[in-house]
**Student:** 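I am attaching a structure below and will ask some questions about it afterwards.
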Amino acid sequence: MKPKILLLTGETTKYTQYLLSQLLTSCSSRISLSEVSMSPWTPQEANVTVTFGQEVLSLFSDESLSDVRGTVLQGKDGRKIIPTIDLKDLVIDLSLDIIIRADLLKACREKDFSELKLPAWRFKSNPTYIECMTYLNDACEDRFVNDPLSMIAFDLETDMKNQQIICLGLAHSDSEGISIPFSRNGESVWTVDMEIALWKKIGEFFASPVKKVAHNACFDVASLWQNNRIWTNNLYFDTMLAWHVLYLPSGAKGFGMKKDLGFVASMMLNIPAWKHKSEEDLAIYNIKDCCATWALVSPLEKDIKNKGLAEIFNLEMSEIESVCYLSLRGIKIDLDQKNKVELELTNLYSEIEEKLYTLLGFDYGITENINFRSPKQLKELLYVTMGLPIQTVRGTDTVTTSEKALEKLYRKTKNEVLNLILQHREVAKLKSFCDIKLSPKGRVHTSYNIAGTTSGRWSSSENIILPYGSGNLQQIPLRGNGSIIRSMYIVENPENWIIQADFVQAEAVIVAYLIGDSVLKEAFRLKKDIHKVTASMMFNLPLEDISPEQREIGKLIRHATNYSLGANGLADVLRCETSIAKRYLEAFHASCPQLKRWQETIQYQLKSNRSLITPLGRKKVFLGRLDDTMFRSAYSFIPQSTIGDLLNKSLVKFYELYGEEYSLLLQLHDAMYVDDVPESKIQDCIDKMKSCMIWELKINGETCIVDVDFKKGKNWKDMEKIK
DNA sequence: GTTACTCTCCC
DNA sequence: CATGGGAGAGTAACA
């Protein structure tokens, strides 16, 4: 009897065979081993063949594995195959097993028949005006408004360069939809009157109570608002956010779990890959996106419900409107100040460079130009020409020219060249923050990505709709000379104020409650100087005897140990000898034994079920090898995620309650900013922000409250504390 | 043009 | 021997 499923693995080792058998065992409720046949290369008769890796796939198909992984396709010999990833890659990154498992389960669904079953697509890819209008009319119909199961998936294709919408896709089932075109090769598809009528109808549809779903709705919702002043009403489900909540990506970057529609579909649906077919009509691609999105809703919704993640999913959904608002509003830039700062930095840059060349020529006879931003050239200069002792990245033998290494060398040798290179680097970095494009209104914009991190914090990156500014606004310099950059970010109207509200020592408070350190909890409740308290515990001294230096050590060690920093790392942070750092660490752990005990319980939890859940109900599954790196990442997850979610929850609440009255400006993980607050309303604004930010968190049965601090300023640099 | 890598900015 | 979570600029090497 021929096997139903054939696994073509390519070359294997004992270890990869073991991993594969583990995988099959984990699927044993669905796959009977008697139905499976295994072979490294030799094709045999089977209903479905799973190919592991590019090499095996190439025996059957010219497709690239990264395009078609996890999809059912017809091989050259007519055989039905499902390509999956190479077992060799599984050895490198064990977290990939979740992907192979999904592909094996797909093979299981395909095992009883040998023919390729394609979805019965019914597309209107090149519709007439009448067809568009008819579809839109139907979409607003009672059926879609009243039937709780009815919903419409939508997706925009835009031309970034000309900032215009190419087409709008809509789907009302997993196989039926339309793509309404607007622009083809840069030219309008419709007459002006037709286009106006179409957009009016589209506006009606988006304003209607019909349930709408999308993958990464922030982009489509913000685009529709920016380009057409169309607001999306009753946005019911974002498949990307659902995926993010269910499977916070973990494991190696860019290799394992991704969040794009093609990948999510490959994991959950049974449709052919369509994303890489660039020769295909954009309209077809557009509708297929919508159909895939539509089809994903029900399985994702079921998973979210079953895993008890509805609350955290609803939080992420509620963030969409605030994120659209923040990204489209942007921040005002003082052009004069920008030019002034830029000029100063440019002058300083040339000055430093000149000094460097003078010194290098005098001391080392160097006459040719050196690119000080090139690590390669710098290594040559420092470690060969100048013969300085070679510095490596801690724990490795990678040669480095990093800031830390150069500082260390400077402390040792007092060679002015090192100091100048450091200054050169600093100024070059700052200069890059001035090199920004302003919008026609003199503003900069960023995109906040709700699904940007594994913790629930937002990430910030270049705005895809309004590509103005320096991209990530969560990394604008703050400390030292760099703070000058923030002076060009200014309040909307000069007579008004920017108000900043941030959680005080947020993550440390959460840690104190998690580990149950009563001294620390008491200190937070009484709003004591927490770094002094840490130092006092460490050095076993009364609070009033703590010197500023000891307080600084307390501050750094608290932050560092939350991520389980070692002695060498602490030595780097404190800029001291490893032996001294080691003594500090011992003193710290002696004064706070709860931390290590808590870390052990985290390790235990990971070993037993590989997942952690935060006080706000966010769950992260840790895939891959249970090693130190994973444990460290786990220690930081709960505090980081709790504060991220708490701030975003506060921000959404403020936006919903007071968004008409006050304009949100920025989000910085544990802080939010409001713009353009009149002098007379500062107190009112603060009261309202505070009312949205103070929450009673239950941690280990105790009530934990994170306090909030306020600052005001005319620009982002000169912020002074209020009260 | 894409990709890997280094370096440095934020919380 | 090993501090968590991000993004972007720049260089270098590849296609």
Side-chain angles (χ1 to χ4, degrees), chain A residues 248-250 253-255 370-379 392-406 421-422 424-436 446-449 451-463 469-483 485-486 502-503 505-508 511 556-574 578 581 585 599 602 620 622 627-644 647 666-672 716:
Chain A
L248 288 171
S250 65
K253 282 264 165 62
F255 205 65
I370 294 170
N371 184 350
F372 298 103
R373 279 162 308 196
S374 160
K376 201 182 165 194
Q377 293 184 33
L378 209 53
K379 277 174 204 170
T392 57
V393 176
R394 185 160 18 90
T396 71
D397 42 17
T398 315
V399 179
T400 180
T401 59
S402 69
E403 190 183 10
K404 288 246 158 53
L406 264 55
I421 291 173
L422 282 167
H424 186 275
R425 276 242 187 90
E426 188 190 8
V427 175
K429 178 79 178 174
L430 292 183
K431 245 160 62 87
S432 75
F433 283 103
C434 294
D435 185 19
I436 53 176
T446 191
S447 279
Y448 292 105
N449 313 305
T453 76
T454 55
S455 63
R457 294 209 306 205
W458 294 351
S459 73
S460 158
S461 55
E462 182 178 38
N463 193 306
S470 57
N472 184 349
L473 271 183
Q474 291 175 326
Q475 57 168 176
I476 304 299
L478 170 71
R479 286 176 263 277
N481 301 328
S483 66
I485 300 298
R486 292 197 177 196
D502 65 308
F503 285 130
Q505 290 297 325
E507 288 180 24
V511 171
L556 292 171
I557 208 166
R558 172 70 60 192
H559 184 253
T561 47
N562 285 344
Y563 305 131
S564 69
L565 188 74
N568 279 308
L570 185 62
D572 273 356
V573 177
L574 292 174
T578 307
L585 265 183
Q599 291 180 346
I602 292 291
K620 178 169 175 176
F622 291 79
D627 54 13
D628 274 1
T629 310
M630 180 189 285
F631 290 139
R632 275 194 295 273
S633 150
Y635 303 148
S636 65
F637 170 66
I638 295 179
Q640 197 170 100
S641 170
T642 306
I643 293 305
L647 189 275
L666 272 167
Q667 188 268 23
L668 258 85
H669 305 304
D670 63 354
M672 60 192 222
W716 194 9

**Student:** Figure out the CZ/C1' separation between Phe372(A) and dT6(B), and round it to whole Å.
**Tutor:** 18 Å
**Student:** Can you establish whether the number of heavy atoms outside Asp627(A) located under 6.0 Å from its atom CG is more than 12?
**Tutor:** yes
**Student:** Without decimals, in angstroms, what is the distance between Leu565(A) CG and dG5(C) C1'?
**Tutor:**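 In whole Å, dG5(C) C1' lies 15 Å from Leu565(A) CG.
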**Student:** Between atom NZ in Lys431(A) and atom C1' in dG8(C), what is the gap in whole Å?
**Tutor:** 16 Å
**Student:** Between dA2(C) atom P and Phe631(A) atom CZ, what is the distance in whole Å?
**Tutor:** 17 Å
**Student:** I need the CH2-C1' distance between Trp458(A) and dA7(C), as an integer number of Å.
**Tutor:** 17 Å
**Student:** Any side-chain N or O of Ser459(A) less than 4.0 Å from the OP1 or OP2 oxygen of dA7(C)?
**Tutor:** yes
**Student:** How would you label the contact of Thr561(A) with the nucleic acid (heavy atoms, under 4.0 Å): base, sugar-phosphate, or nothing?
**Tutor:**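 It contacts nothing in the nucleic acid.
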**Student:** Report yes if at least one side-chain N or O of Ser455(A) is closer than 4.0 Å to OP1 or OP2 of dG6(C); otherwise report no.
**Tutor:**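 False: Ser455(A) side-chain N/O out of range (4.0 Å or more) of dG6(C) OP1/OP2.
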**Student:** Between Leu647(A) and His669(A), is there a side-chain heavy-atom distance shorter than 4.5 Å?
**Tutor:**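 Heavy-atom side-chain distance check fails, nothing below 4.5 Å.
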**Student:** So Asn463(A) and Ser447(A), side-chain contact (heavy atoms from CB on, under 4.5 Å) or not? Walk me through it.
**Tutor:** CA-CA 4 Å; Asn463(A) 193 306; Ser447(A) 279; 3.7 Å; yes
**Student:** Take atom CG of Asp627(A) and atom P of dC1(C), then tell me their distance rounded to the nearest Å.
**Tutor:** 17 Å
**Student:** Between the protein and nucleotides 8-11 of chain B, list every N/O to N/O distance that falls short of 3.5 Å.
**Tutor:**
residue: dT8(B); atom: OP1; partner: Arg425(A); partner atom: NH1; Å: 2.7
residue: dT8(B); atom: OP2; partner: Glu403(A); partner atom: N; Å: 2.9
residue: dT8(B); atom: O2; partner: Lys429(A); partner atom: NZ; Å: 3.1
residue: dC9(B); atom: O2; partner: Gln475(A); partner atom: NE2; Å: 2.5
residue: dC10(B); atom: OP1; partner: Leu478(A); partner atom: N; Å: 2.6
residue: dC10(B); atom: OP1; partner: Arg479(A); partner atom: N; Å: 3.1
residue: dC10(B); atom: O4'; partner: Gln474(A); partner atom: O; Å: 3.3
residue: dC11(B); atom: OP2; partner: Arg479(A); partner atom: NH2; Å: 3.3
residue: dC11(B); atom: O3'; partner: Asp670(A); partner atom: OD1; Å: 2.5
residue: dC11(B); atom: O3'; partner: Asp670(A); partner atom: OD2; Å: 3.0
residue: dC11(B); atom: O2; partner: Arg457(A); partner atom: NH1; Å: 3.3
residue: dC11(B); atom: O2; partner: Arg457(A); partner atom: NH2; Å: 2.6

**Student:** Using a 4.0 Å heavy-atom cut-off, write out nucleotides 10-15 of chain C from 5' to 3' as B (base contacted by protein), S (sugar-phosphate only) or - (no contact).
**Tutor:** -SSS--
**Student:** Using whole Å, what does the distance between atom C1' of nucleotide dG6(C) and atom CD1 of Ile643(A) come to?
**Tutor:** 17 Å
**Student:** What I want to check is whether the side chains of Asn562(A) and Glu507(A) have a donor and an acceptor closer together than 3.5 Å.
**Tutor:** no
**Student:** Ring-plane angle category for Tyr563(A) and His559(A), please: parallel below 30°, perpendicular beyond 60°, tilted otherwise.
**Tutor:**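 The rings of Tyr563(A) and His559(A) stand perpendicular, inter-plane angle above 60°.
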**Student:** Measure the distance from CG on Leu378(A) to P on dA9(C) and round it to the nearest whole Å.
**Tutor:**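 So the two atoms are 21 Å apart, to the nearest Å.
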**Student:** What's Ser460(A) touching, base or sugar-phosphate or nothing? Going by heavy atoms closer than 4.0 Å.
**Tutor:** sugar-phosphate
**Student:** Closest approach of Leu430(A) and Pro477(A), non-hydrogen atoms and distance?
**Tutor:**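 Scanning both residues, the minimum pair turns out to be CD2-CG, 3.8 Å.
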**Student:** Describe the nucleic acid contact of Thr400(A) in one word from base, sugar-phosphate, nothing, applying a heavy-atom distance below 4.0 Å.
**Tutor:** sugar-phosphate
**Student:** Please determine whether a side-chain nitrogen or oxygen atom of Asn568(A) lies at a distance below 4.0 Å from atom OP1 or OP2 of dA2(C).
**Tutor:**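 Answer is yes, contact under 4.0 Å.
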**Student:** Would you check if there is a donor-acceptor pair between the side chains of Thr578(A) and Asn568(A) at a distance under 3.5 Å?
**Tutor:**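 Yes, Thr578(A) and Asn568(A) have a side-chain donor paired with an acceptor closer than 3.5 Å.
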**Student:** Fit a plane to each ring of Phe622(A) and Phe637(A), take the angle between them on a 0 to 90° scale, and name the class: parallel (under 30°), tilted (30 to 60°) or perpendicular (over 60°).
**Tutor:** perpendicular
**Student:** Which pair of non-hydrogen atoms, one from Gln474(A) and one from Leu668(A), has the smallest distance, and what is that distance?
**Tutor:** NE2-CA, 4.3 Å
